[in-house]
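Have a look at the structure below before the remarks.
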Amino acid sequence: MSLPTSVPVPDAFETRTNATFEALMWALSRPGTVQNLPAQGMAGIAEALLDRECRVFCDDPALAVQIATFGAARVDLPLADHCFLGLGRNIDRLAHVAVGSALYPDAGATVVAEAEFGAGQRLRLTGPGIETSDEIALGGIAPEFWAMRTAVCRYPAGFDLFLICGAQVIGLPRSITIEVL
Amino acid sequence: MTIAALTKPWQALSYGFLDASAKRELRRKMLKAIAVPGCQMPYASREVPMARGWGTGGLQVTLTLLRPSSVVKVIDQGADDSVNAASIRSFLSKVSGATETWDTTAATILQSRHRIPEERLRADQVLVLQVPNPEPLRPVEPNMSIARQMHADADYGRLWLILYEQIVRSGRVMQGAAYPSLVNGRHVMTPSPIPRWDVPKLHMAQHLTFLSAGREKRLYAVPPFTRVEPLVFSDIPYQVEDHAALTCHRSGLRGYFMNEIPQDDGSAQFELSDSHLGIKAIRQAEGSAVEIGPTWYENGKMPQ
């Protein structure tokens, strides 16, 4: 194989998805820190991660149409490996999100939801990615969600959470402990 | 929906060599690997123009991360100029337009085989380690389905048994490289064949580490500020190689990991394993304005 002699240039799609992934990677590596996405909303995350190998649950019909163009199958919540939903109400259904098992932790879902940063419920985070402990405030999430998360995520099983506020993202992996203050 | 919407313009080569679907799969698995530190995540491991077992796992992770502004350093046993390292580095820059460097402090992505550089990695740097055998339980359990069950049960007793047998036979732990280490208090990982000297560098580090085995099709990660504790007995502490008192015969530096160079008369000389640290020290001694970054080991000791 001969490589091209000119320097390859990434197209807009590659640049966007690469930057989105980098934001998600650092968000999950340093839980509680705010990372910047190249574009607003959840569609960019779906674009960077999803294709025909994925099964998706999506609340928002408009977003579901966009995600369908990436080829992911639309399925019920317990079957989905990526869930795009709201955490403001109807929290009971999160008991059915795929969490994998100790045998297959990678079967745990990635949950993407909207939230408000810097206002609302104060939380203390400890665990991998945080040197000692960190405090954040998140709004727009039903108060019973945090107890639900603790009950469902029996490490190493669990789901990983990305919270979106405009073009910003916070990652809360299953490995960290979240204390409601 | 139109046919045109489902297709992309023709390209001679995908940016960063891997096609978009390969990158998406790696991204999904890399996120899961960060979420469960030290737990091996299976991935597809695509073909790359290099034989499996020569760093294809690390290469795929690096290719997924690369962008034109990236600065890549590739080392093989500490050296930037070995054939394997030089070939991988030139491949990476050819397919991505990324800048090549030998300098640990200048790099944004460091791909490494069997060493972690002596200079401290910063919070914005990513270390990618090439892993030949990702399964710490393989010496005690060749059946990988049973090994998976043992990971699920955190059943690691037989790894301590190996260490115990080494102490009984030889009087000390003989595990030289790939020392099994407990990550985040839950999963035992093999930190790839880095010497014992390098394992403490992963504990509560600033940087993010990916470990990827292309032939075995598994990757795992150590996020920043994650506990990485080598398996030890409470009465026999973890010992790194006894290199603290050795002096590099070329650069004069002391207190770092050394390569032993046998001499004709039966004696041995030592030189720095981290070759670019040695180059920096020599240039500094010659009067060039070269900055050596803070190192993990100070005077041959890792600060607690």
Side-chain angles (χ1 to χ4, degrees), chain A residues 1 3-11 13-15 17-22 24-31 47-54 68-71 81-82 100-108 110 127-132 155-160 162 171-176, chain B residues 1 5-6 8-9 11-17 20-21 23-37 39-44 49 64-68 91 93-97 123-124 126 148-149 151-154 183-184 186-187 204 206 208 221-227:
Chain A
M1 192 193 83
L3 289 166
T5 44
S6 60
V7 175
V9 179
D11 56 14
F13 170 82
E14 169 66 31
T15 307
T17 52
N18 180 290
T20 303
F21 172 67
E22 188 130 339
L24 297 179
M25 178 182 86
W26 288 121
L28 214 56
S29 302
R30 301 179 194 286
E47 185 186 38
L49 297 181
L50 301 185
D51 52 30
R52 286 184 300 177
E53 294 169 20
C54 302
T69 62
F70 306 137
D81 46 43
H82 290 76
S101 59
L103 210 50
Y104 294 96
D106 49 326
T110 303
I130 305 155
E131 189 166 11
T132 50
Y155 188 81
F159 60 80
D160 309 307
F162 286 112
L172 299 174
R174 67 187 81 172
S175 54
I176 62 163
Chain B
M1 188 177 285
L6 293 169
K8 292 199 174 66
Q11 277 181 303
L13 187 73
S14 297
Y15 178 79
F17 189 81
S21 74
K23 284 185 183 175
R24 282 191 294 266
E25 201 249 350
L26 272 153
R27 285 174 191 148
R28 294 195 295 266
K29 294 299 182 179
M30 285 157 75
L31 291 180
K32 289 297 160 201
I34 294 169
V36 192
C39 180
Q40 301 162 53
M41 300 295 176
Y43 72 106
T64 306
L65 292 170
L66 277 180
R67 55 172 72 178
F91 175 74
S93 75
K94 267 183 199 150
V95 297
S96 72
D124 60 327
V126 182
R148 180 180 277 276
Q149 184 69 54
H151 280 293
D153 297 340
V183 184
N184 189 29
R186 177 59 180 81
H187 286 95
M204 295 303 270
Q206 295 270 346
L208 167 64
V222 179
F225 300 120
T226 301
R227 284 177 292 134

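Chain identifiers are assigned alphabetically (A, B, ...) following the order of the sequence lines, protein sequences preceding nucleic acid strands; residue numbering begins at 1 within each chain. Just so we're clear, the structure is a prediction, and the values are computed from it rather than from any experiment.
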**Study point:** Partners passing side chain to side chain donor-acceptor pair (under 3.5 Å) against A:T15 (at least two apart in sequence or in another chain)
**Key:** none
Could you tell me if the side chain of [Y] sits less than 4.5 Å from the side chain of [X], heavy atoms only?
X	Y	value
A:P128	B:P37	yes
B:R24	A:L50	no
B:L13	A:P8	no
B:I34	A:W26	no

Practice item. In sequence, state the C-alpha distance, the side-chain angles, and the governing distance for A:T17 and B:R27, and then conclude on side chain to side chain contact (heavy atoms under 4.5 Å, CB included). Key: CA-CA 10 Å; A:T17 52; B:R27 285 174 191 148; 3.5 Å; yes
What option among [options] has the most heavy-atom pairs under 4.5 Å with chain B?
options	result
A:A157, A:G127, A:P10, A:G158	A:P10
A:T110, A:L28, A:T69, A:T132	A:L28
A:P173, A:A48, A:P105	A:A48

Which atoms of [X] are under 4.5 Å from chain A, going by heavy atoms: the side chain, the backbone, both sets, or neither?
X	value
B:S21	both
B:D153	neither
B:P68	side chain
B:P223	side chain

**Study point:** Separation between NE2 of A:H82 and CG of B:L31, rounded to the nearest 0.5 Å
**Key:**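 A:H82 atom NE2 to B:L31 atom CG measures 7.5 Å (nearest 0.5 Å).
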Review point. To the nearest 0.5 Å, how far apart are CG in A:N18 and CG in B:L65?
Key: 7.5 Å
Point to revise | Top contributor to chain A contacts, counting heavy-atom pairs under 4.5 Å, from B:S14, B:A123, B:S93 | key: B:A123
**Study point:** Heavy-atom pair count under 4.5 Å with chain A, highest-scoring of B:Q11, B:H151, B:M30
**Key:** B:M30
Point to revise | Partner set under salt bridge (Lys or Arg N to Asp or Glu O under 4.0 Å) for A:D11, not counting sequence neighbours | key: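 A:D11 satisfies salt bridge (Lys or Arg N to Asp or Glu O under 4.0 Å) with no other residue.
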Practice item. Take A:R30 and B:F225 through the test side chain to side chain contact (heavy atoms under 4.5 Å, CB included) and record every step on the way to the result. Key: CA-CA 9 Å; A:R30 301 179 194 286; B:F225 300 120; 4.1 Å; yes
Nearest heavy atoms of [X] and [Y], plus distance in Å:
X	Y	value
A:S175	B:N184	CB-ND2, 4.2 Å
B:R186	A:A102	NH2-CB, 4.4 Å
A:Y155	B:V36	OH-CG1, 3.6 Å

Practice item. Among A:D81, A:D106, A:D160, find the residue that satisfies the side chain to side chain donor-acceptor pair (under 3.5 Å) test when tested with B:K32. Key: A:D160
For [X], is it the side chain, the backbone, both or neither that has a heavy atom under 4.5 Å from a heavy atom of chain B?
X	result
A:L103	both
A:F13	side chain
A:F162	side chain

Exercise for review: Begin from the C-alpha positions of A:D51 and B:R28 and carry the test side chain to side chain contact (heavy atoms under 4.5 Å, CB included) through to its verdict.
Suggested key: CA-CA 11 Å; A:D51 52 30; B:R28 294 195 295 266; 3.3 Å; yes
**Study point:** Electrostatic pair B:K23:A:E14 at N-O distance under 4.0 angstrom
**Key:** yes
